[in-house]
2 protein chains.
Amino acid sequence: MSGGSERRGAGEGTGGQADRRVRADAQRNMDALLRTALAVFATSGVDAPVREIAERAGVGVGTVYRHFPQRSDLIAAVFRREIDACADAASLLAAEYGPFDALAQWMLRYVDFVSAKRGLAAALHSGDPAYEALPAYFDQRLRPALQGLFDAASAAGAIRTGAKPNELLRAVASLCTAAHDVGPDYARSMIGLLLDGLRYGAAGSA
Amino acid sequence: MSGGSERRGAGEGTGGQADRRVRADAQRNMDALLRTALAVFATSGVDAPVREIAERAGVGVGTVYRHFPQRSDLIAAVFRREIDACADAASLLAAEYGPFDALAQWMLRYVDFVSAKRGLAAALHSGDPAYEALPAYFDQRLRPALQGLFDAASAAGAIRTGAKPNELLRAVASLCTAAHDVGPDYARSMIGLLLDGLRYGAAGSA
DNA sequence: ACCTGAACACCGTTCAAGT
DNA sequence: ACCTGAACACCGTTCAAGT
């Protein structure tokens with residue numbers, strides 16, 4: 001449910017609470033680094049110099065390379081974090097809103113995610129091995145998230161059943177990339193149509 | 001019909017045959033540069049160092065930057081050249097083959113073009129102004145080329161009419177990008193299906 | 001006119017030295 | 001254990017000097 005894959009070595013004999021593997025400052029650096037990188041990538045693009053990110057995060061470049069041996073590893077880590085945040089938003093929204101609204105809100109959240117990550121998406125096709133596992137991770141985290149919202153909404157009778165989450169994710173993603181050429185808000189209005197189409201009472205046959 | 005837009009200054013009073021604007025060695029350098037760049041991009045990708053291209057072409061880096069103020073200008077020029085070559089192939093094939101076969105051959109030629117230029121296609125979305133005019137040029141040259149083959153084929157009764165060239169170009173392009181993930185030859189076999197669908201006698205309704 | 005290549009600025013990455 | 005930042009290698013781009 002929470003963020004995800006913190007590395008814990010397997011096979012620990014020394015049980016107990018003094019099990020913290022990373023020093024507090026290291027953890028703090030790591031967090032600052034990822035947060036700063038996200039912000040810098042958003043403003044300057046993914047080609048922003050590592051030095052600039054390190055400086056703004058208040059760490060030395062060496063620290064960046066300690067955590068992320070390659071530039072692309074940092075980019076991939078930021079991307080994973082955003083996937084996590086988007087997936088986690090599903091349960092938060094499900095707790096706050098009714099079944100249909102939670103679904104609708106999450107779709108908008110997903111649109112923001114995809115739109116903001118266009119630069120990264122381009123990097124995905126670069127062949128860099130650092131990005132290899134990302135598509136699978138994307139699926140692994142986002143599909144169940146949407147599936148949960150779907151199940152809740154159709155159990156409540158708010159939408160008709162049978163919609164495939166991964167198809168919808170892909171469709172929205174391609175709408176968003178097309179939207180960049182057309183104009184803003186285009187994607188959002190298309191999502192509105194999609195949601196109306198899912199809703200019970202709409203004339204849906206094909 | 002031929003390659004394209006060699007720059008000729010407007011307004012020449014000094015008529016005559018001694019009108020050559022570029023020195024012979026400059027022209028030779030230019031050609032070598034574009035040919036070499038094409039080859040280097042194909043093997044090492046579009047991120048290949050300018051120095052390497054200059055060296056292999058037998059010119060100084062300064063010469064590269066004289067012709068192409070930015071790295072991206074060189075890439076764009078290579079791309080334009082390939083568009084020209086692909087467009088020009090249409091009339092060549094039309095002269096050599098019958099109407100339907102010329103169309104079929106050209107589609108394969110176009111598949112090669114799109115497949116080989118995947119790296120460049122990714123660069124197109126980078127926002128670099130050097131690439132701004134390329135999509136329009138793509139359309140301007142390739143659409144008439146395919147339209148000519150279409151017209152000839154449907155005049156000969158070989159295909160049914162009404163197919164939109166630009167739609168077909170886009171469809172094939174997206175097939176090719178998808179093909180990269182699936183495997184080679186996938187695009188070619190899909191093109192085969194498309195052509196069969198165009199052919200008269202096939203059961204086509206939807 | 002056009003070409004060359006040393007020189008400059010900048011960026012990814014490493015590693016000896018610190019705490 | 002983890003951090004720092006000078007140092008190295010490399011790449012885009014410029015420009016004084018050549019022909």
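Since this is a predicted model, take the numbers as computed values, not measurements. Sequence lines set the chain letters: A, B, ... in the order given, protein chains first and strands last, and positions in each chain run from 1.
- The number of heavy atoms from other shown groups lying within 6.0 Å of CD (E55(B)) does not exceed 12.
- In this structure, the side chain of S44(A) does not engage the main chain of F41(A) through any donor-acceptor pair within 3.5 Å.
- In this structure, Y97(A) contributes its side chain and Q105(A) its backbone to no donor-acceptor pair below 3.5 Å.
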Are there any protein N/O atoms within less than 3.5 Å of an N/O atom in nucleotides 12-16 of chain C, and if so, which ones and at what distance?
| from | atom 1 | to | atom 2 | distance (Å) |
| --- | --- | --- | --- | --- |
| dG12(C) | OP1 | R71(A) | NE | 2.6 |
| dG12(C) | OP2 | V50(A) | N | 3.0 |
| dG12(C) | N7 | R51(A) | NH2 | 2.7 |
| dG12(C) | O6 | R51(A) | NH2 | 2.6 |
| dT13(C) | OP1 | Q70(A) | OE1 | 2.9 |
| dT13(C) | OP2 | Y65(A) | OH | 3.1 |
| dT13(C) | OP2 | R71(A) | N | 3.0 |

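- In this structure, the side chain of T43(B) engages the main chain of V40(B) through a donor-acceptor pair within 3.5 Å.
- Panel note: side chain W106(B), backbone A94(B); no donor-acceptor pair is recorded below 3.5 Å.
- Atom CD of E52(A) is separated from atom P of dC11(C) by 9 Å (rounded to the nearest Å).
- Side-chain N or O atoms of T36(B) include one that pairs as donor or acceptor with a backbone N or O of A32(B) at under 3.5 Å.
- Put simply, CG on N29(B) and CZ on R23(B) are 9.5 Å apart, with the number rounded to the nearest 0.5 Å.
- Look at CD on E55(A): it is 12 Å from P on dA6(D), rounded to the nearest Å.
- Look at CG on D25(B): it is 5 Å from P on dC3(C), rounded to the nearest Å.
- Put simply, CZ on F68(B) is 20 Å from P on dC11(D), counting in whole angstrom units.
- Close to dC3(D), at under 4.0 Å from its OP1 or OP2, lies a side-chain N or O of N29(A).
- For D73(B) (side chain) and Q70(B) (main-chain N/O), a donor-acceptor pair under 3.5 Å exists by modelled atom type.
- In this structure, R66(B) atom CZ and dG18(D) atom C1' are separated by 13 Å, rounded to whole Å.
- Atom CD1 in I53(A) sits about 11 Å away from atom P in dC11(C), given to the nearest Å.
- Helical stems involving DNA chain D, defined as 3 or more consecutive Watson-Crick or G-U pairs under 3.5 Å, span C:4-8 with D:12-16, C:12-16 with D:4-8.
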